[in-house]
J.: 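Here you go, one structure.
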Amino acid sequence: MHPYRTHTCNELRKEDAGKTVRLSGWMFRLRDHGGILFVDLRDHYGITQIVVHPSRSFFGLVEKAHLESVITVTGEVKLRDPETINHDLPTGEVEIEANELVMEGVSGVTPLYIPDEKAEESEEMRLKYRFLDLRREKLHNNIILRSQVIRFLREQMWAKGFNEFQTPILTASSPEGARDYLVPSRIHRGMFYALPQAPQMFKQLLMVSGFDKYFQIAPCFRDEAARADRSPGEFYQLDIEMSYATQDEIFAVVEDVVGKTFAKFSTWQCNAAPWPRIKYRDAMMVYGSDKPDLRNPLKWFDMSDFFRRANFKAFAACVENGGLVKGLLVKGIVGVEARQGTRLHLLDEGRRAEGTDREVPLARAA
RNA sequence: GGGGUGUUGGGCCAGUGGUCUACGCCGCCGGACUGUCGAUCCGGUAUUUCACGGGUUCGAAUCCCGUACACCCCGCCA
């Protein structure tokens with residue numbers, strides 16, 4: 001018999017009843033009834049209930065063990081009585097009656113309580129004990145999701161005939177917008193490598209060498225400040241390059257790959273291809289941004305004609321000098337004081353993360 | 001770089017200048033219990049202490065100033 005396991009913790013079903021099996025995993029939960037112990041044994045795949053009877057030599061060992069200790073259990077797969085079936089577990093129709101038990105790794109009391117999925121420890125605590133936080137189902141699944149998304153992106157790009165290339169990490173600074181990360185060189189004293197902000201130069205080198213269609217899940221490094229939705233330092237992007245392609249052909253590839261990826265991994269609604277196309281000038285005029293968030297219902301209206309004739313010289317002068325005066329239509333604020341300089345907090349229907357509501361001027365000159 | 005908010009026992013948090021010898025939940029420890037699955041029930045637990053330093057006050061977790069750290073926003077991010 002394999003020294004650690006014959007099955008994973010998400011494998012055994014009622015058809016396996018009667019088999020002698022061996023499982024290894026973490027003690028996720030312990031229910032101590034004095035005369036009988038129930039251990040929820042957890043591994044990457046799932047949870048299986050282990051039953052320990054008081055006649056077993058290791059009964060006391062399990063009873064006193066801290067959660068998250070790692071054990072190997074050998075025993076018989078037993079059908080559960082109908083009234084004790086746990087319908088929340090795929091393995092809930094069976095349990096393992098432990099006959100042998102090896103304590104592989106004794107755990108101390110963990111600073112995070114792993115079974116509590118609703119816990120909201122500070123970011124500092126969760127990062128300090130990252131190896132514990134990642135044991136929790138939600139974060140564990142996030143890591144798996146990322147793996148699957150990246151695999152799916154690769155499969156689609158390969159299927160479309162793109163070649164995947166790696167490009168150097170230690171390189172020279174290129175004239176892009178962000179600050180570079182620098183790595184001191186031992187060979188060239190006093191000199192530094194820069195980490196690539198994007199694979200731009202290498203990608204172009206490959207294209208002029210005739211490789212026709214390129215993609216990379218490209219690591220990018222930019223030494224810029226973090227944000228709530230933006231980790232500092234590094235990120236990965238699906239980088240695509242095509243030869244002899246029209247703009248619409250490139251859009252079609254992106255719409256297909258990104259659309260299918262969201263359809264496969266997300267329950268969020270994604271536009272069917274072709275996606276709405278917004279000209280740069282229109283985006284800037286209507287949304288004030290070249291990357292507008294279309295969930296935000298507020299649009300800028302051109303009020304230049306009105307203010308040209310209005311009695312407010314600052315705005316009228318702006319229009320006379322070729323500028324624009326624009327306004328937002330904000331409903332439900334009648335009675336709110338709107339003297340010059342007042343700004344409104346627009347909560348945007350609660351979509352934004354807490355504390356990130358933005359201040360928007362009622363009117364502005366541009 | 002600028003601004004805002006916050007920091008309370010192992011974790012999450014409550015806490016109007018005196019009723020704080022600081023509440024609750026979780027954890028943890030001890031006890032009971034042979035069918036639970038967030039087990040249950042009983043009892044206990046935590047440098048008289050509220051990030052640190054100083055100040056106001058008869059009296060500070062609570063008010064003021066400074067420092068440190070954290071988070072968020074702006075700047076920044078082709």
J.: Which of these nucleotides, B/C33, B/G35, B/C76, is closest to any side-chain atom of A/Asp32?
T.: B/C33

J.: Is A/His33 stacked on the base of B/G35, meaning ring centres closer than 5.5 Å and planes within 30 degrees of each other?
T.: no

J.: Mapping A/Ala225 and A/Ala198 onto RNA chain B by nearest heavy atom, which one lands closer to the 5' end?
T.: A/Ala225

J.: Just to be sure I understand the rule, does A/Glu117 reach a base, reach only the sugar-phosphate, or reach nothing, if contact means heavy atoms closer than 4.0 Å?
T.: nothing

J.: OP1, OP2 of B/G38 versus side-chain N and O of A/Arg29: anything below 4.0 Å?
T.: no

J.: How many Å lie between CD on A/Glu93 and P on B/U36, as a whole number?
T.: 17 Å

J.: Are A/Leu170 and A/Phe221 linked, directly or through other ILVMFWY residues, by side chains that come within less than 4.5 angstrom of each other?
T.: yes

J.: What's the gap between B/G30 and B/C73 when it is taken at their C1' atoms, as a whole Å value?
T.: 50 Å

J.: Counting side-chain heavy atoms from CB outward, which of B/G27, B/U36, B/A78 is closest to A/Gln200?
T.: B/A78

J.: State yes or no: are the ring centers of A/Phe59 and A/His53 separated by less than 6.0 Å?
T.: no

J.: Is B/A39 paired to anything, Watson-Crick or G-U wobble with both distances less than 3.5 Å, and if yes, which nucleotide?
T.: none

J.: Under a 3.5 Å cut-off for both distances, is B/G66 Watson-Crick or wobble paired, and to whom?
T.: B/C52

J.: Just name whichever nucleotide pairs with B/C71, Watson-Crick or G-U, keeping both distances under 3.5 Å, else none.
T.: B/G4

J.: Name the one of A/Thr48, A/Ile50, A/Leu30, A/Ile47 that satisfies side-chain contact (heavy atoms from CB on, under 4.5 Å) with A/Asp40?
T.: A/Ile47

J.: For A/Met103, does the CE atom sit with more than 12 other heavy atoms under 6.0 Å from it, leaving out its own atoms?
T.: yes

J.: Could I get the full list of ring pair (Phe, Tyr, Trp, His ring centres under 6.0 Å) partners for A/Tyr193, not counting sequence neighbours?
T.: none

J.: If I pick the C1' atom on B/G9 and the same atom on B/G55, what distance separates them, to the nearest angstrom?
T.: 28 Å

J.: What distance, rounded to whole Å, do you find between the two P atoms, one in B/A61 and one in B/G3?
T.: 30 Å

J.: Could you tell me how far B/C37 sits from B/U7 if I compare only their P atoms? Round to whole Å.
T.: 38 Å

J.: I want to check one thing: is the phosphate of B/C29, taken as OP1 and OP2, less than 4.0 Å away from some side-chain N or O of A/His66?
T.: yes

J.: Are OP1 or OP2 of B/G27 and a side-chain N or O of A/Tyr113 less than 4.0 angstrom apart?
T.: yes

J.: Searching all strands shown, indicate the nucleotide that pairs with B/A22 (Watson-Crick or G-U wobble; both distances under 3.5 Å).
T.: none

J.: At under 4.0 Å, does any side-chain N or O of A/Arg31 touch on OP1 or OP2 of B/A39?
T.: yes

J.: Specify the separation, in whole Å, of atom NZ of A/Lys128 and atom P of B/C69.
T.: 16 Å

J.: For atom CD of A/Glu249, decide whether the heavy atoms of other residues, nucleotides or ligands shown that lie under 6.0 angstrom number more than 12.
T.: yes

J.: I need the CD-P distance between A/Glu124 and B/C71, as an integer number of Å.
T.: 8 Å

J.: Dump every N/O contact between nucleotides 8-14 of chain B and the protein below 3.5 Å, one line per pair.
T.:
unit_1	atom_1	unit_2	atom_2	d
B/C12	OP1	A/Ser122	N	3.1

J.: According to the side chain to side chain donor-acceptor pair (under 3.5 Å) rule, which pairs have a member within residues 143-153 of chain A, sequence neighbours left out?
T.: A/Arg151-A/Glu155

J.: Report the residue (A/Asp116 or A/Val51) whose heavy-atom-nearest nucleotide on RNA chain B is the more 5′ of the two.
T.: A/Asp116

J.: Expressed in whole Å, how much space separates the P atoms belonging to B/C42 and B/C58?
T.: 48 Å

J.: Please report the distance, rounded to the nearest Å, between CD in A/Gln197 and C1' in B/C76.
T.: 12 Å

J.: Rounded to the nearest angstrom, tell me the gap between atom CD1 in A/Ile50 and atom C1' in B/U34.
T.: 17 Å

J.: Whole angstroms only, please: what is the CD-C1' distance between A/Glu63 and B/C33?
T.: 11 Å

J.: Give me the distance, rounded to whole Å, that separates B/C41 from B/U48 when you measure between the P atoms they each carry.
T.: 31 Å

J.: Do A/Tyr4 and A/Leu23 sit in the same hydrophobic cluster, where Ile, Leu, Val, Met, Phe, Trp and Tyr count as joined when their side-chain heavy atoms come under 4.5 Å apart?
T.: no

J.: Taking OP1 and OP2 of B/A78, is either one under 4.0 Å from a side-chain nitrogen or oxygen of A/Arg222?
T.: yes

J.: With heavy atoms under 4.0 Å as the rule, sort A/Gly34 into base, sugar-phosphate or nothing.
T.: base

J.: Can you check the A/Ile114 CD1 to B/C28 P distance for me, whole Å?
T.: 11 Å

J.: Do the ring centers of A/Phe152 and A/Phe265 come within less than 6.0 Å of each other?
T.: yes

J.: For B/U62 versus B/G53, give the span between their P atoms, rounded off to a whole number of Å.
T.: 13 Å

J.: Given the C1' atoms of B/A51 and B/A70, what is the spacing between them in whole Å?
T.: 11 Å

J.: Once you round it to whole Å, what is the distance between C1' of B/A32 and CD1 of A/Ile36?
T.: 17 Å

J.: For the CD atom of A/Gln216 and the CD atom of A/Gln237, what is their distance to the nearest 0.5 Å?
T.: 9.0 Å

